Amino acid sequence: DAGVIQSPRHEVTEMGQEVTLRCKPISGHDYLFWYRQTMMRGLELLIYFNNNVPIDDSGMPEDRFSAKMPNASFSTLKIQPSEPRDSAVYFCASSNRVGYTFGSGTRLTVV
Amino acid sequence: DQQVKQNSPSLSVQEGRISILNCDYTNSMFDYFLWYKKYPAEGPTFLISISSIKDKNEDGRFTVFLNKSAKHLSLHIVPSQPGDSAVYFCAANVEDDKIIFGKGTRLHILP
């Protein structure tokens, strides 16, 4: 198994632009999580899905953030419009209740 | 408000000595605690966990201690090795599948 796959690995964008981060979970995992890592706040849970349905999005910072999971093998996290304070590493993780597996993350820089 | 707190951003330990990483939590309803390890440019990986009904769990060089009355847990690594240099995240399970992470502690193992 290739593990949780995130793309792109790095993204540099200008303030105001739309950014889309992508995640492919491990096949058979029915939970998918989006986390954001910053120095100030550590690893924050943004949203998670169970069987493609959003369960808890209370961690999504603002309406500028949205996430979708159209099928069991793909999820997106979108920021529109992006702002410099959104710069962080965004991790996707999947789980089958036995344990979490994280992807390698997307480092987002908004200039 | 941080429910899982790691108050030491960094820690330096001599190779061969014991490393002790600390974590405090506020929610007495947490039923499972975990430690994750993270290398640069990689996602966090699971290291060790402990159920709230136990006070100690050991796995090789890694031992986690839980003091429920103090709402405190610690990770002991002995002996410390150069490959242990990483960021360590304390985490707690609050519902069936949602995990809350602390800010992390960067461990430096000195030669």
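This is a predicted model, so every value here is computed, not measured. In the text below, chain A, chain B and the rest are named by the order of the sequence lines, each starting its count at 1.
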For this session: Answer with side chain, backbone, both or neither: which region of Arg107(A) has an atom nearer than 4.5 Å to a non-hydrogen atom of chain B?
Result: neither
Problem set entry | Under 4.5 Å from any heavy atom of chain B - which part of Leu45(A) | side chain
Problem set entry | Tyr48(A) versus Lys98(B), closest heavy-atom pair with distance | CE2-CD, 3.6 Å
Exercise. Chain B heavy atoms under 4.5 Å from Glu44(A): which part of the residue, side chain, backbone, both or neither?
Worked result: neither
Exercise. Looking at residues at least two apart in the chain, or sitting in another chain, which of them share a ring pair (Phe, Tyr, Trp, His ring centres under 6.0 Å) with Tyr32(B)?
Worked result: none
Problem set entry | Residue Glu14(A) excluded, over 12 heavy atoms near CD under 6.0 Å | no
Problem set entry | Asp63(A) atom CG, neighbour heavy-atom count above 12 within 6.0 Å | no
Exercise. In terms of heavy-atom pairs under 4.5 Å, which option from Ala91(B), Gly104(B), Ala41(B), Ser49(B) contacts chain A the most?
Worked result: Ala41(B)
For this session: For atom CZ of Arg61(B), decide whether the heavy atoms of other residues, nucleotides or ligands shown that lie under 6.0 angstrom number more than 12.
Result: yes
Exercise. Under a 4.5 Å heavy-atom cut-off, does chain A meet the side chain of Leu34(B), its backbone, both or neither?
Worked result: neither
Problem set entry | Side-chain heavy-atom pair Gln37(A), Lys38(B) within 4.5 angstrom cut-off | yes
Exercise. Cluster question for you: counting only ILVMFWY and a side-chain heavy-atom cut-off of under 4.5 Å, with indirect links fine, are Tyr31(A) and Tyr36(B) together?
Worked result: yes
Problem set entry | ring pair (Phe, Tyr, Trp, His ring centres under 6.0 Å) involving Tyr35(A) - partner list, sequence neighbours excluded | Phe102(A), Phe101(B)
Exercise. How many angstroms lie between CG in Leu43(A) and CD1 in Ile100(B), if you round to the nearest 0.5 Å?
Worked result: 12.0 Å
